[in-house]
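Here is the naming used below: chain letters follow the sequence lines, and residue numbers restart at 1 for every chain.
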Amino acid sequence: METSQRDEQFYRSMVRMRAVETELLALSSAGQLRGSLHLAQGQEALPAGAGAALRKDDYVTATYRGHGYVLAKGGPLLPIIAEILGKAAGLGGGKGGKMHLFDLEYGILGTNGIVGAAVGTAAGAAWAAQLQKTDRVALTVCGDGALNQGHVSECMNMAVLYQLPLIILCENNLYSEMTPLSRSHGDVNLAGRAAGFGLNTAQVDGNDPEAVYQVMSEAVNRARTGGGPTFIEAATYRTIGHYQADSGIGYRTAEEVEAWRAKSPLDRWAAKLGKRAPAIAAEEQAAVRAVFEEALALPGPDPLAAGTQVFA
Amino acid sequence: METSQRDEQFYRSMVRMRAVETELLALSSAGQLRGSLHLAQGQEALPAGAGAALRKDDYVTATYRGHGYVLAKGGPLLPIIAEILGKAAGLGGGKGGKMHLFDLEYGILGTNGIVGAAVGTAAGAAWAAQLQKTDRVALTVCGDGALNQGHVSECMNMAVLYQLPLIILCENNLYSEMTPLSRSHGDVNLAGRAAGFGLNTAQVDGNDPEAVYQVMSEAVNRARTGGGPTFIEAATYRTIGHYQADSGIGYRTAEEVEAWRAKSPLDRWAAKLGKRAPAIAAEEQAAVRAVFEEALALPGPDPLAAGTQVFA
Amino acid sequence: MSQMSVVEATNAALRQELARDPKVFVYGEDVAHYGGMFRVTDGLLRDFGADRVIDTPISESGFLGMGLGAAMAGMRPVAELMFIDFSLVAMDQLLNNIAKTHYMSGGSVPVPLTIITQGGGYRGAAAQHSQMLEALLLHLPGLKVVLPSNAADAKGLLAAAIRDDNPVVFINHKQLFGAKSEVPDGEHVVPLGQARTMREGTDVTLFTYSYLVGMGMQAAEEAATQGVSVEVVDLRTLNPLDWETIAASVTKTHRVVIAHEAHLRCGVGVDLSHQIQSRLFDELDAPIQVVAALDAPIPFAKELEDVVLPSPARLLEACLGAVHG
Amino acid sequence: MSQMSVVEATNAALRQELARDPKVFVYGEDVAHYGGMFRVTDGLLRDFGADRVIDTPISESGFLGMGLGAAMAGMRPVAELMFIDFSLVAMDQLLNNIAKTHYMSGGSVPVPLTIITQGGGYRGAAAQHSQMLEALLLHLPGLKVVLPSNAADAKGLLAAAIRDDNPVVFINHKQLFGAKSEVPDGEHVVPLGQARTMREGTDVTLFTYSYLVGMGMQAAEEAATQGVSVEVVDLRTLNPLDWETIAASVTKTHRVVIAHEAHLRCGVGVDLSHQIQSRLFDELDAPIQVVAALDAPIPFAKELEDVVLPSPARLLEACLGAVHG
Ligand SMILES: Cc1ncc(C[n+]2csc(CCOP(=O)(O)OP(=O)(O)O)c2C)c(N)n1
Ligand SMILES: Cc1ncc(C[n+]2csc(CCOP(=O)(O)OP(=O)(O)O)c2C)c(N)n1
Ligand SMILES: [Mg+2]
Ligand SMILES: [Mg+2]
C-alpha cells in the first residue's frame, strides 16, 4: 500500500475508534452502559498503526483499554459493539463484556481485565504458531504499569528463550491509573528493562500511526522469519481520564494534558489529509452511529443462558 | 579484622557448614531424616563471605538451600540443627523444618520452599529498616532459576523505586534443579537483567569467600548509607545433587562436576591456611558432631502442639 | 455518632490507627497521592506524610511479600489490594507465606499485617472484577477474614484488624462503599470473631455477611408479612467464626439458610452448613439451604448477572422454603 | 494388563496421547531432558522430539498463561506443575483466565489445556510442599479436577483429560507414585465424572479420593471385623461430580463419612456434605462426618504431621461413629 493510501486508512481507523468511544461515553454518561469504561483518547495512533501491520490470521491480546486493537484487526463492527453493550449477538453473547472481547476468526484472544495477564496468552499463541510451523505472529498490548506485573517479566524471558514470534507493544502513557511512572518504576527506561531480558527493542512516537506501522512491520517481519520477539516502547498519552469516572485532572496538570492534546494523532492526520479529512470522518462516524443504532436495538441475552457455556 | 583472621573465620565457617551437611546427608541416607534435603556442597564460600559482611541485627532470607546463611549469621547451632531434625527445641518447635528456618533474634526471616518467594520478605524488612530510620540492611539469597519467578522481578523494581537497603545475592550455580541456564534464560547475563531494572550490580567469584566478603561489604555499605539496593551475581556450582536423591550426574557431565570440584572453596582455603587447616577443621567438625549428638537425643514435639500457634 | 459512608468509616479507621501507632503505615496502588481508587485513603498522605502512606507499582505479589517482611521486622503494615480479584496474582504470598509464617516459626514470628480490599458484583464489572473470594482465604489456615456490612463495623473491625497480631484480610463490598449509617465518634473497635444478630426471629435463621446482610433484612421483612419470622445474623468475621452465636440461633429456630454472594462449591455456605449439621444434627428440622452465586463466572450483561448473583427474592424463597419445606 | 506404578501409568497416558494427536505437547520444569522430577515424562523427549516435549523456566504463571494461549491457538498443551503448592504463584492464570475464557467468550473459544501435578503429605515435606489444593480450584467455576487413586485410573483419566475440550487439572499423589497395580494395555480412557465403588457396604458410605482411598479400604476392612459394613466410593473426578453414584449409595446406607487430606474449611468434604444433606436430608440417619486435615499448616515433624493429616484410625473412628453415634 502506498503512503497516501495508508494515511487515509490510518485516519479512518482512528476516527472510527474515536467515534466508537464517543458513543460509548455518551451511553455511559446517560447511565445506559454498565461497568467501567476505559477509553483511549489520544492513543488512537497505536491500534491504527499496529493493526495495519498485521494479517487477519495473526493473534492479538490487549488490555481493558484494548478495544481499539479489536476494531483495527478488521472484524465486523456489530458483534464487537454488541458485546460491549451486553447483547446476545455480541462476540461473547453478553457474557464477557467490554473487558473480555474474543474473536477466534480474527485472532482476537482476549482483551483482559487483569493487568499484564494477556501477555501470557499472546506468548502462548506465538508458541503455538511456532510449533505448528506457520508464520503467524502474536501481538500483545500492555501499559507501562503492566511491566511491574511479574507475569510479564516471566513471559519476556520465555519469549526470548523460545525465540517466539511475539511483539510486546507497550503503550507508555506515563501513568498507571493515577500514578506516574516516577512513582511506579525504579528506572523509567522501559525498553531498557526489556533489553535486560534479551528482547529486541524499539522506541517509537506512539502518536504517529505511520511510525508505529513502520516499527511494527519491522517487528512483525522479524517474528515471521524466525528472528524472535520484539519489545516496542511507544510514547503516548491518554488525553482523557483512566475511566469514565476519572476527570484525568488533579494527578496530572492541565498543561501536561493540553500539551499532549496538541499532539493528537487525529488532528495531525486530519491536517495531513487536508480537505479530504472531513468527508472521511463524517463517513466513519455515520457508519459507527449506524452500528450503534442497530446494536442498541438488539435483544439482551436470554437469562437462561447464564448457566451455560461454563464448559465446552 | 585482618585478612588472615578473616581467612580463618571463612575456613571455619565453610568447614562447619560442610560438617553440618555431612551429618545431615548421613542421617538422610540412613532414613533418619524426613523430606528433601537440599545441600550446597561447593557453594560454601557464599554464606561464609556474605555472613561476615553482616551485623547481627541485619536481616536475611534465603532458599530451601539456605541453611548455610542461617549458620553464618551467628546464632547458636543447637536450635538450628534441632529444627532441621524436627525437635521440640528447634527454632520452630519442629513445625517449620529444614526449609523454614526463622530466628528473629538473629534477623533470620525465613528460608523458603517457594522459589523466589523470600525476596519479597527481605525487601519488606529492608523497607521497615528504612521507614524506622535505622541503618539495618537486608540480604536475600536466591538462585539463578529464581530470577524467572515474576515475584523477584516485581521486588527488583520496588527495591530500586524505594531505594531499599537490600542486597540480592544470586547464587548462579548454572542450573535450576536439572535444567541448565541455557534452557531457562533467554539471556544468561543475570546481572544484565538486574541492571535493566536499575539495580546496582556486581559480579563475583562465588567460590572465593574473600571476594564475596568484599563485594558484599561494598553493597552493605551502600545500603546502610542510603545508596540503594545491589544485585550480586555470584558464579558458583553445587558439586552435589540438587537434593539427596539426585546423583548430580546425567544432566551434568562428570568433567564439568570435576572441574568445579577442583575449585572447591574449602580446598582453596585449606591450602591457604596450610598447616593450621587440619586442626581447625577437626575442631569445627567435633563441635558440629557434638551438637548433632545433643540434638538427636532431644525429644520430638508434643503431638498436642500440632494445632497451636496457627495464630498469635 | 456521625453519619458516614463505608468509605469514610474505613478512612476513619485508618486515621485512627495511623495516629495511634507509629508502626502503622498504609500502602498500595494509587493510595497516597491520589487518595485511593475508592477514596478510602483520601487525605492520609497530607495528614500523615510520605513515610506513612505510600504508592506502589502494580506488583501485588511483590508488595504483599514486602508487607510480610515489614511486619516481621516490627511494622504494622496495611496494604490495599484494589480489587480482591487481584489477590489471585499474589496467592502464593498470601497462602504459602503470610498465612503460614507464624506457625512455621513455631509461634516465634508474629505477622501483624492487614490487607484491605473490596469485592462483589451487581455492577456489570464482569468476570474478573466482581468476585467474592473469601473462601479461598479460609481454606488454608492462618488468615483472619473480616467482611463488614455497614459503616460502623467497617471502622470498628478494621481498627481491630490493624491491632491484631495476625494477618487479617478486611473485605469491603463495592456496593456498600457509599452506604451511609451511624458510626461512633472517637475510638471505635469491634472485636474480631463476634457475629451480630441484626434481627431476632423464631422460624428460621439466615446467616449472612457483607452486602447480603441488607438483602437478608429485606427478605426478612417481606417474610414477616407472609407470617414467617426470620432471624438475621451478620457473621462479620469468617475466621474466627462466632460459633456460640451461631449455635444459639440454630437451637432457637431449628431451620437455617446461609446466604453469600460467592460461589457455592467449597464456599463459606457449605462450610457453615456442614459445621451446623455435624454438630447440631438433631436440632435441625429441615435441610440447610445455601443461597450463593450460580456455578458460572460472573457475566457482564445485566440479564445474566441478575441470574447468577443472589437476589432478595432468592433469599426470601430460601427462608420460606426452609419453613414450609 | 500390566503391573505399573502410577508414574509409569501417567507416562503411558502421555505417550498414548502424544502418539495419537499431533496437537498434544508436554512441557514444564525439568520435564524434557531430565524426564521430570518424578520421572512422569521419562523418555518422552527421546521418543517424541523437542517440538513435543519442552523444558521451561521456573515461571508457572507465565507458562500456564502460555498454555492458555497455545490451547486457544489450536494446540492441546499438557503442562506439568511440579507441586500443586506452586499453583499459588499461578492462581490468576488458573482462576481468572484459564477457568473463565470459555464462558467469557460466549462459548466460542475452547481451552483444551491439561495441567498435571501432584500433591499430598505424609513425607515430612512441610508446609509448602505437602498440600492438597483441589478445593481452591473447585470454588470458581471453569476447571475440571481429577484425582486418581491408582495406576489404571491415572492412565485412563489422564487420557480423558487430554481429550477433553476444557481445562482439566489432573492431580497425582506423591505417596501413590510408586504404587503398582494392574493397568489395561493399549488404549485406555476413563471418562471424567464417574465415581467408582471400590467396596460394597450397607451401614455407612465413605466417600473419598486420591491417597485416602487406600486408607479407606483399610478402615473398611477393619470395620468389617467389628461388624460394620462400609461402602467405599472413590470419587475420582471432583468436577464434574458423579451425583448419581453418590445419591445411590447414600440412599442405600443412610450414613455418610467423607474423607480427604485437604483442610476442612471450605473444602471438598463440607461441599459434598452440604449437597448431600440439602438434597437427601430425609435419607440421613446420622450427621455426616468429614475427616480432613486439622486446621493448621502441615508441620514438618512426624509427631505433628501424624496428628494434622488423616489416618486410617481416624477414618475408622468416623465410620464407626457414624454407625454407633
Ligand atoms: C493485577 C491487577 N492489578 C491492578 C489492577 C487495577 N488496574 C487497572 S488498570 C491499572 C493501571 C494500568 O496501568 P498501565 O499498565 O500503564 O495501563 P494504562 O491503564 O495506562 O493503559 C490498574 C492498576 C488490575 N486490573 N489488575
Ligand atoms: C514456585 C516454585 N516452582 C518450582 C519449585 C521447585 N524447585 C525447587 S528448587 C528449584 C530450582 C531452583 O533453581 P535455582 O533458583 O537456580 O536455585 P538452586 O536450587 O540452583 O540453588 C525448583 C524448580 C519451587 N520450589 N517453587
Ligand atoms: Mg499507563
Ligand atoms: Mg541454580
Side-chain angles (χ1 to χ4, degrees), chain B residues 33-37 64 83-88 90 92-100 112-117 143-153 175-186 242-243 245-246 250-251 299-311, chain D residues 27-39 41 45 50 54-65 82-83 85-90 92-93 121-131 174 263 265 293-309 311:
Chain B
L33 186 63
R34 311 184 77 206
S36 294
L37 183 62
Y64 43 87
E83 185 61 26
I84 295 177
L85 301 180
K87 301 296 190 176
K95 286 177 171 163
K98 290 189 293 295
M99 290 203 264
H100 308 293
N112 203 310
I114 303 298
V115 165
D144 46 290
L147 296 192
N148 294 327
Q149 274 292 307
H151 175 81
V152 176
S153 292
Y175 291 82
S176 329
E177 294 192 344
M178 294 75 181
T179 297
L181 226 49
S182 60
R183 280 203 301 279
S184 60
H185 289 67
H242 166 67
Y243 70 128
D246 166 32
Y251 57 96
D302 180 348
L304 286 178
T308 66
Q309 299 171 327
V310 178
F311 290 105
Chain D
Y27 70 100
E29 293 157 23
D30 303 312
V31 305
H33 289 78
Y34 187 68
M37 195 48 153
F38 305 103
R39 319 309 306 157
T41 53
L45 173 65
I54 304 173
D55 283 319
T56 68
I58 314 173
S59 303
E60 288 85 356
S61 174
F63 76 61
L64 288 188
M82 198 184 290
F83 285 67
D85 310 72
F86 312 152
S87 67
L88 296 178
V89 299
D92 178 69
Q93 287 298 324
Y122 298 100
R123 295 166 75 100
Q128 294 177 337
H129 284 75
S130 302
Q131 299 171 93
K174 48 173 85 61
H263 289 290
R265 292 212 64 190
L294 294 196
D295 248 358
I298 317 295
F300 169 69
K302 187 161 191 335
E303 294 88 336
L304 303 173
E305 194 187 26
D306 282 350
V307 175
V308 170
L309 295 183
S311 59

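- Between chain D and the residues B:Thr308, B:Val310, B:Ile114, B:Leu304, the most heavy-atom pairs under 4.5 angstrom are made by B:Ile114.
- Note: D:Pro57 leads D:Pro297, D:Ala32, D:Pro57, D:Pro299 in heavy-atom pairs under 4.5 Å with chain B.
- What you find for B:Arg34 and D:Lys302 is that their closest heavy atoms are NH1-CA, 3.3 Å.
- Of the two parts of D:Phe63, neither the backbone nor the side chain holds a non-hydrogen atom closer than 4.5 Å to a non-hydrogen atom of chain B.
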I would like to know whether D:Asp30 and B:Thr179 meet side-chain hydrogen bond (donor to acceptor under 3.5 Å, both in side chains); could you show each step before the answer?
CA-CA 6 Å; D:Asp30 303 312; B:Thr179 297; 2.5 Å; yes
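- Looking at heavy atoms from C-beta onward, D:Met37 lies in side-chain contact with B:Glu177 at the 4.5 angstrom threshold.
- The contact between D:Glu60 and chain B is made by backbone and side chain atoms together, counting heavy-atom distances below 4.5 Å.
- Within the 4.5 angstrom heavy-atom criterion, no atom of B:His185 approaches chain D.
- D:His129 has its side chain within reach of B:Met99: a pair of non-hydrogen atoms, C-beta onward, lies under 4.5 Å apart.
- Using a 4.5 Å heavy-atom threshold, the side chains of D:Tyr34 and B:Asp246 count as touching.
- Shortest non-hydrogen contact noted between D:Leu304 and B:Ala306 is CD2-N, 3.6 Å.
- Neither the backbone nor the side chain of D:Leu294 comes within less than 4.5 Å of any heavy atom in chain B.
- Taken to the nearest 0.5 Å, the CG atom of D:Asp55 stands 5.0 Å off from the CZ atom of B:Arg183.
- Of all heavy-atom pairs spanning B:Ser176 and D:Ile58, the tightest one is CB-CD1, 3.7 Å.
- The closest donor-acceptor contact from the side chain of D:Ser59 to the backbone of B:Gln149 lies at 3.5 Å or more, if one exists at all.
- Taking each heavy atom of D:Ala301 and B:Pro301 in turn, the nearest pair found is CB-CG, 3.5 Å.
- If you tally non-hydrogen atom pairs under 4.5 Å between each of B:His151, B:Lys95, B:Met178 and chain D, the highest count goes to B:Met178.
- A donor-acceptor pair is defined here as one N or O able to donate and one able to accept, closer than 3.5 Å; no such pair exists between the side chain of D:Glu303 and the backbone of B:Asp302.
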